[in-house]
Each structure stands twice: as structure tokens, then as C-alpha cells.
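Step one of this worksheet: look at the structure below.
It should be emphasised that the depicted structure is a prediction, and the values quoted were computed from it without experimental measurement.
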Number of protein chains: 2
Amino acid sequence: MENRTVPPAGAEDAPACEAFCVHDEITRRALQKLPEENLLFDLAELYKMFGDSTRVKILFLLFEEEMCVCDIAESLGMTTSAISHQLRILKNAKLVTYRREGKSVIYALADDHVSKILELGLEHICE
Amino acid sequence: MENRTVPPAGAEDAPACEAFCVHDEITRRALQKLPEENLLFDLAELYKMFGDSTRVKILFLLFEEEMCVCDIAESLGMTTSAISHQLRILKNAKLVTYRREGKSVIYALADDHVSKILELGLEHICE
DNA sequence: ACAACATTTGAACAACTGTTCAAGTGTTAT
DNA sequence: ATAACACTTGAACAGTTGTTCAAATGTTGT
């Protein structure tokens, strides 16, 4: 990381905030590279999907193979209603797809971005 | 993905649920590979950190360079109190580190897992 | 048409989350 | 010691979230 105590040549070296409270140089540069509002919002929405135990479990199950609502519910020891609600959320976020097969509805991961994200998270935790 | 309509040899081919409601084969296999409860919980907790706009913005700012609370607050147009609360959450999750420097407290990303996760998310959205 | 089953849906509820506000702590300079 | 500033903290509040329950929809076999 950079050494904040050695300001770039030409910058005033006061590390204090306030009157020039904000370090104009720093905030201007940082803001310039900040992705735009909408993108950041969508990104947070995406991660929100992974931010619930039940949904993460569902995604891991589907990572192995596609499953019907009934099987997912049984696997996790939850009601089909609860699972269905979560699947709708995941479906809206385009993280899972589904198809009807007789009485059942089979859900599957939408693409392999999803599994990559799961794996990267696990990697971080197990480091 | 696998073709669920062609069951492995030896398995009964009834796609129906119920009496054998749950597809024992399938759920048993899926459950076997499911990471254990605690790990999944921690994973969800990790992603929860990225599941809020404000926190994502803070992380992106820190991705560019370390900053004090005051600068972050100014950059995002929020109060230092709100930012401080979020920084505490990120600090508890070990996603950021901090050090005191005079009156200021400088925050920085804890490691580059964080930036990798942010990048992967962006990649998914911008696909 | 009917019964049985798999799934979805909506309302209701408790639990959780993020921001605000006011008061607190810690640091520096006078 | 005092004042000024940077930051933190706790309580309170509104808004959001996940599960439950009951009722509805869709599909299949008789």
C-alpha cells in the first residue's frame, strides 16, 4: 500500500483535517476512480444474494446438481414455502434458472460466475 | 450441467416426489458435498459485508488508497458517524485495518482478497 | 371432473440493519 | 487546563428481511 505520510510533491503536508478538513487531493483522486452509483448499487444487490445462509446453502446444493424445490427443502430441513420464497429472490437476481418437469420445478445455477464467487469467498475464509 | 432426466443406472426413474417424495439419491449426494453449517454461516456473513451500498463504496475508496474517516465521509457525502459505524463493522469482519495518525484514524483494506471479491462481482455485473 | 401432489403467493410477524442524534473519548496545540 | 478537532459510541427510529401460515395455482393420473 502507499505511504500516506509522504505526500506527493507539491501537496501541503498537513495531515490534519478540517479547515482543509478534507484532503482535497486524496478525495478527488479516490472519487474519480469510484464506479458510478448505479453500478455500486447493483454490486451490493448481487452480494446481498450471497449474504443469507439459506440462499448460500441453496446455491451450494445447486452447484452440485440441479434440484427440485422439494429436494432442496428436504436437504435443508426447511419448508418448501421458505425455499420457494428464496428461489424467487435468486431467480429475480438471475442467479438461478428453472424449468418445469411434470409436477416438479427444477432449479439450476444460472452461470458459473456464481460458483466462482462462492469459491472465492470460501478461499478467503479458509485462508 | 448434468442431465437430470437420465438418471444413473440402477436408480429408479420416477421423477415424481412424495412417497419417495425426496429423491434420496440426489439429496444424499448433494448433502455430502455441502460444506458444514458453520462454514456456510461464515461465508454468508462475509458476503453480507459487501451487501450494502455504503460499505461497498467505502471498500472501493480504500481500494485506491488508505483514507481517514473524515475523507471517506466527505467523499460519500455522509456523516462521519455513519461512516464510523460501518467501518467498525468492516473492521470486525477483518476486511479493513486502521492506524491512528495524530487526530486522524487511517483505514485501509486488510488484504487483497477483498479487492478480488469486488472485481469478480463487477465482472459478473458488467458481463 | 376430481383427488393428490409440487410449487407459488400474499399477509403477518419478529428479527435485523443502517442512519441519525447527542454525548462520549482521544489527540494536538495554545 | 482548555479549546478545537477527529473519531467513536449508544440509544432510538424507520425501513428491510426471512420465515410461517393459509390459501391459491399448476400438473398429473383416475
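Between the CD1 atom of A:I58 and the P atom of C:dT7 there is a distance of 13 Å, rounded to whole Å. For the pair A:N92 CG and C:dT9 P, the computed distance is 9 Å after rounding to whole Å. Atom P of nucleotide C:dA6 and atom CD of A:E74 are separated by 11 Å, given to the nearest angstrom. Distance A:L87 CG to D:dT17 P: 17 Å, rounded to the nearest Å. Between the C1' atom of C:dA6 and the CD atom of A:E66 lies a distance of 17 Å, rounded to the nearest Å. Whole-Å rounding puts the A:K57 NZ to D:dT19 C1' distance at 13 Å.
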Please table the atom pairs, donor to acceptor, closer than 3.5 Å between any side-chain atom in residues 43-58 of chain B and protein atoms at least two apart or in another chain.
from  : atom 1 : to     : atom 2 : distance (Å)
B:E45 : OE2    : B:K48  : NZ     : 2.9
B:Y47 : OH     : A:I117 : O      : 2.2
B:Y47 : OH     : A:G121 : N      : 3.2
B:D52 : OD2    : B:T54  : N      : 3.2
B:D52 : OD2    : B:R55  : N      : 3.2
B:R55 : NE     : B:M49  : O      : 2.9
B:R55 : NH1    : B:Q86  : OE1    : 2.9
B:R55 : NH2    : B:K48  : O      : 3.0
B:K57 : NZ     : A:E37  : OE1    : 3.2
B:K57 : NZ     : A:E37  : OE2    : 3.2

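Counting heavy atoms from C-beta outward, B:T27 and A:L61 have side chains that stay 4.5 Å or more apart. Here the side chains of B:V96 and B:V114 are not in contact, with every heavy-atom distance at 4.5 Å or above.
In this model, the phosphate group of D:dT17 is not approached by any side-chain N or O of A:Q86 to a distance below 4.0 Å at OP1 or OP2. Under 4.0 angstrom from either OP1 or OP2 of C:dT19 there lies no side-chain N or O belonging to B:T79.
Sorted by first and then second residue, the salt bridge (charged side-chain N to carboxylate O under 4.0 Å, His left out) pairs with a member in residues 118-127 of chain B form an empty list; sequence neighbours excluded.
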Restricting both atoms to N or O, compile the protein contacts to nucleotides 23-25 of chain C shorter than 3.5 Å, with distance only.
none

Dump every N/O contact between nucleotides 15-17 of chain C and the protein below 3.5 Å, one line per pair.
none

Close N or O pairs between protein and nucleotides 9-11 of chain D (under 3.5 Å):
from   : atom 1 : to    : atom 2 : distance (Å)
D:dT9  : O4     : B:S81 : OG     : 2.7
D:dG10 : O6     : B:H85 : NE2    : 2.8

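Side-chain atoms of A:T54 lie closest to D:dT19 of the nucleotides D:dC7, C:dT19, D:dT19.
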Once base and sugar-phosphate atoms are separated, protein heavy atoms under 4.0 Å mark nucleotides 24-30 of chain D, 5' to 3', with B, S and - as --SBS--
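Within 4.0 Å (heavy atoms only), B:Y107 reaches sugar-phosphate atoms of the nucleic acid but no base atom.
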